[in-house]
2 protein chains.
Amino acid sequence: MATIKDIAKKAGVSITTVSRALNGYSDVNEDTRKKIVETAKLLNYSPNTIARSLVMKKSKTIGLLVSGFIRENAKDNFTIEVMTGVNDYASQTAYDIVLFTTNSSKQREKTYTQLCKERKVDGVIIQGIRTDDPYLDEVIEGEIPCVLVDIPKIGKHAGYVSTDNYAGAWEVGEYLAGLGHTSIGMVNGHEFAFVSQERLKGFKDSLIQKDIKLSDDRISNGDFTEESGGRAALQLLEDNPSTTAIFCASDLMAIGAMTALKSRGYRIPEDISIVGYDNILLSRYVQPGLTTISQDTYGLGYEAAKLLIDMLDHEGEPRKTIVLHELMERDSSAKV
Amino acid sequence: MATIKDIAKKAGVSITTVSRALNGYSDVNEDTRKKIVETAKLLNYSPNTIARSLVMKKSKTIGLLVSGFIRENAKDNFTIEVMTGVNDYASQTAYDIVLFTTNSSKQREKTYTQLCKERKVDGVIIQGIRTDDPYLDEVIEGEIPCVLVDIPKIGKHAGYVSTDNYAGAWEVGEYLAGLGHTSIGMVNGHEFAFVSQERLKGFKDSLIQKDIKLSDDRISNGDFTEESGGRAALQLLEDNPSTTAIFCASDLMAIGAMTALKSRGYRIPEDISIVGYDNILLSRYVQPGLTTISQDTYGLGYEAAKLLIDMLDHEGEPRKTIVLHELMERDSSAKV
DNA sequence: GAAAAAATCCGAAACGTTTCGGATGATTGG
DNA sequence: CCAATCATCCGAAACGTTTCGGATTTTTTC
C-alpha cells in the first residue's frame with residue numbers, strides 16, 4: 001500500500017507536489033510531473049479514497065435506499081431494473097453506489113438521516129418508499145441531496161423522477177372504452193403509493209369523459225401482490241357480475257387476477273379483458289400475454305442517478321424528470 | 001455535524017474519554033459515561049465512519065462485484081436474488097455493501113485489485129464472473145478476502161459458495177431415465193462457466209450408469225440466453241430426430257427451447273420433454289410449467305455474505321459452502 | 001540590469017477518529 | 001503510614017490526503 005509519502009520520498013519532492021501533480025494542477029513542472037507519475041506507477045500506487053474523503057468532506061458515493069428489497073418483491077423486476085439504470089449511469093461517473101435497505105429490523109432503529117450521515121453518502125436515491133413511511137418527511141425536508149423514484153415531491157434538496165401515471169391510466173381508459181367496454185372495474189394498489197392515487201384519478205377521468213362512471217363499488221383495493229390482485233378481482237365480479245374489463249394498477253395484481261378468474265372459469269379475454277400496469281417481465285410470458293402500460297424502468301433509474309449527480313457536481317437545482325410510457329397491447333384484452 | 005471534540009468540550013472531558021466512553025471501554029466511570037452519552041444524544045452526534053475507517057484501516061464495507069448486471073440479465077432474477085441474500089445477511093452486521101460492476105467501459109480499465117484498493121472494501125463477493133475473465137486469477141491469488149459465487153476455487157483468501165451442480169444434473173438424468181426416455185439430448189451453456197462443465201459431467205455420468213450414452217452430437221451449446229437455447233434445441237432435433245427429452249443447462253435456455261419447439265409444431269411434453277436448471281421465476285409461469293432444478297439462490301447470497309464476514313471478523317479460514325438444490329417437477333416433462 | 005511577474009515548489013495545518021503510554025488521585029495491604 | 005494496586009482520565013501521535021500561504025528560483029519587461 002504505497003502512499004503519497006512514499007512517492008514523495010522516492011521522487012525527491014514534497015508530498016504537496018505529489019498531490020498536485022497527480023491531481024493535474026498547473027503549478028508543477030511537466031518533467032517533475034512525469035517523474036512523479038512514473039514512480040507512482042512503479043510503486044503500484046492507488047489513492048486512498050478514505051483519506052481523501054475525510055479532508056474533502058465528499059465521499060463520492062451515493063446511497064441507494066430501496067424499501068422493497070425483500071425476497072418477495074423480486075417478482076416484479078422493477079427494483080432491479082431501476083438499480084441497473086442507476087448503476088449504469090453512476091459507473092460513468094466517479095460515484096460509487098452503496099446499498100441501503102429499510103426492511104431489516106436492525107436498520108429500522110436508525111433514522112434515514114443517521115443512515116446517510118454515518119455512511120457519509122453525498123446523496124441518495126430512494127425507491128419503493130411508501131407515502132406513510134416515517135422517512136419520507138425527513139427526506140424531503142432534510143439537508144441531504146436526494147431524488148425520489150415515483151414520488152412527485154420536490155424539496156429544497158429533493159427532486160424526483162417518475163412516469164406520468166395519470167396519463168398512463170388515462171390511456172388505458174381510452175383504450176378500453178375504445179374497445180367498446182362500458183362495464184369496467186379497477187383493482188387499485190394500496191392508498192399509500194402515489195402511483196395508486198394517480199392511476200385511479202387518470203383512469204376515472206378518462207372514463208368520465210367517455211360517459212362511463214367508475215363508481216366506488218367498481219374499485220377494489222389490493223396491495224400490489226399477486227394474491228391480493230386475485231382476491232380483489234373476484235370481489236369486483238361478485239359485486240358487479242356484468243363487468244367486462246378490469247384495469248389493474250400493477251401487472252402483478254393483473255396476473256393474480258387472471259389466475260383467479262381463469263380458475264373460476266372465466267375466459268380471458270373473451271369473457272373479460274384485463275389490463276395491467278408496469279410491463280414487468282412476467283407479463284410477456286403469462287398466458288394470455290398481458291396488455292399493459294410499459295414504463296421505462298431502467299430509464300427511471302438512469303435518470304434518477306443523472307439528476308442526483310447533476311445536483312451534486314454542478315449544484316443543479318432539484319427538479320423532476322418524467323420518463324415515457326407506452327401502451328403494450330397483448331392478448332389479455334379484446335373488443336367486447 | 002457534531003464531532004467527538006464538541007462532545008468533549010461540552011461534557012468537560014477529553015476526546016479520548018469520549019471515544020472510549022462511546023465505544024464501551026471499561027476504564028471510564030459510569031457517571032461520566034452517562035453524561036457523555038447524553039450530550040452525544042443532545043448534539044445529535046453520529047460518528048464519522050470515514051475518519052474511523054482511516055485510522056482503523058477497516059472500512060466495514062464489502063464490495064459486491066457482479067458481472068451480469070446488465071439489462072438483459074434482469075430476466076433471470078438470479079442476480080437480484082443473490083443480491084438480496086447478501087444484503088439481508090450484511091444488514092444484520094455492521095457491514096455495508098457497495099456495488100461494483102464490470103460491464104461498463106469506464107471500469108474496465110481498472111483492474112479488480114485497483115477497484116477494491118481504491119474503494120477500500122474489506123472484502124468482496126463476486127458473482128457472474130466467467131472462468132476466462134482476466135479478473136479471476138487476480139482474485140484468487142490476491143490479498144483481498146473474497147468469496148466467489150458458483151466458482152469452486154479456494155485460495156489463500158478466497159472461498160466460495162455454490163450448489164452441487166454435478167449432483168443436480170445427475171438427478172435430472174435419473175429422472176428422465178426413470179420416465180423411460182432413452183433418446184436424450186442436452187443444451188449446455190458456454191464452456192466458460194463452471195456450472196456448464198459440472199452439469200454436463202453429472203448428466204453424462206448418470207445416463208451412462210443407466211446405459212444411455214450422451215454422444216457429442218447430442219450436446220449442443222448455447223450461451224445461456226433464451227434465443228440461443230431455441231437455436232441449440234432445434235439443432236439437436238435436426239441431428240437426432242428421435243430425441244424425446246432435452247435437458248437444458250439453464251431455465252432461460254429451456255424456455256427458449258420450448259418456444260422454438262412449439263413454433264415448429266412439437267408438443268411439450270407429449271412429443272418431447274424439457275427440463276431446465278435454476279428455477280427462475282419465469283419457469284413457473286411459462287406454458288407448460290417448466291420442470292427444473294431449483295437452487296436456493298437467495299441462500300447462495302446469504303451464505304456468501306456470511307462466509308465473507310466470518311472471514312473478516314473472526315479471521316475464519318476461507319472455505320466453501322454448498323447450498324441445497326431440489327428437482328421441481330412441473331408439466332414440461334412426462335413419460336415417454 | 002533591476003524590478004516585476006511567472007513558474008515551481010514546499011511546510012504545516014486540517015479532516016475526525018482511535019489508541020498508546022503515561023499521569024493523577026484514591027484505595028488497599030501489611 | 002508507605003508502597004503497591006486500581007480506577008479513571010488525558011496528551012499526543014497516527015491514519016493519508018488536500019490546500020493555504022508563502023518561499024524560492026527563473027523568466028520577462030523596460
> Between A:Lys60 (NZ) and D:dT18 (P), how many Å, whole number?
Replying inline: 13 Å
>> On the side chain of B:Thr16, is there an atom forming a donor-acceptor pair with the base of C:dT19 - under 3.5 Å, no angle test?
In response: yes
> Hey, is the side chain of B:Lys120 poking within less than 4.0 Å of OP1 or OP2 on D:dG16, counting only N and O atoms?
Replying inline: no
>> Quick one: does any side-chain atom of A:Lys120 pair with a main-chain N or O of A:Lys117 as donor and acceptor, under 3.5 Å?
In response: yes
> So, is B:Thr17 near the phosphate of D:dC9, with a side-chain N or O under 4.0 Å from OP1 or OP2?
Replying inline: no
>> Side-chain N or O of B:Lys58 versus OP1/OP2 of D:dC15: is the shortest distance under 4.0 Å?
In response: no
>> Could you check whether A:Ser19 and A:Thr16, counting side-chain N and O atoms only, form a donor-acceptor pair closer than 3.5 Å?
In response: no
> Picking from A:Ile97, A:Thr49, A:Val121, what satisfies side-chain contact (heavy atoms from CB on, under 4.5 Å) with A:Thr61?
Replying inline: A:Val121
> Taking the side chain of A:Ala51 as heavy atoms from C-beta outward, which of D:dT17, C:dT17, C:dG11 is closest to it?
Replying inline: D:dT17
> Is any side-chain N of the basic residue among A:Glu30 and A:Arg33 closer than 4.0 Å to the acidic one's carboxylate O?
Replying inline: yes
> Rounded to the Å, how far apart are B:Ile15 CD1 and C:dC20 C1'?
Replying inline: 14 Å
> Taking CZ from A:Arg20 and P from D:dT17, how many angstroms apart are they, rounded to a whole number?
Replying inline: 16 Å
> Can you check the B:Ile50 CD1 to C:dT18 P distance for me, whole Å?
Replying inline: 14 Å
>> Between B:Lys60 and B:Asp122, does any NZ, NE, NH1 or NH2 come within less than 4.0 Å of an OD or OE carboxylate oxygen?
In response: no
>> In whole Å, I'd like the distance from the NZ atom of A:Lys9 to the P atom of D:dG16.
In response: 12 Å
> For B:Leu54 and D:dA13, what is the distance between atoms CG and P respectively, to the nearest whole Å?
Replying inline: 17 Å
> Where the side chain of A:Val55 is concerned, which of C:dC15, C:dT18, D:dC10 is the nearest nucleotide?
Replying inline: C:dC15
>> Need to verify one output field. Residue with the more 5' nearest nucleotide on DNA chain D, A:Met1 or B:Ser26?
In response: B:Ser26
> Taking atom types as modelled and ignoring hydrogens, do the side chains of A:Glu81 and A:Tyr302 form a donor-acceptor contact shorter than 3.5 angstrom?
Replying inline: no
>> I'd like to know if the side chain of A:Asp150 pairs up with that of A:Ser162 as donor and acceptor (distance under 3.5 Å, no hydrogens or angles considered).
In response: yes
> Can you list, by residue number, the residues of residues 27-43 of chain B that have a non-hydrogen atom closer than 4.0 angstrom to DNA chain D?
Replying inline: B:Asp27, B:Val28, B:Asn29, B:Thr32
>> Distance check needed: C:dC15 P versus A:Asn48 CG, whole Å only.
In response: 18 Å
> Of the nucleotides D:dT19, C:dT19, D:dG11, which one has an atom closest to the side chain of B:Ser14?
Replying inline: D:dG11
>> Looking at C:dT19, I'd like to know if its phosphate oxygens (OP1 or OP2) sit under 4.0 Å from a side-chain N or O belonging to B:Tyr25.
In response: yes
> Between B:Thr39, B:Leu22, B:Ile36, B:Val37, which is the residue that forms a side-chain contact (heavy atoms from CB on, under 4.5 Å) with B:Tyr45?
Replying inline: B:Leu22
>> For D:dG16 and A:Thr3 - does any side-chain N or O of the residue sit under 4.0 Å from the phosphate oxygens OP1/OP2?
In response: no
> How close or far is atom P of C:dC10 from atom CD1 of A:Ile7, stated in whole angstroms?
Replying inline: 14 Å
> Does B:Ser19 place a side-chain N or O at less than 4.0 Å from the phosphate oxygens OP1/OP2 of C:dT18?
Replying inline: yes
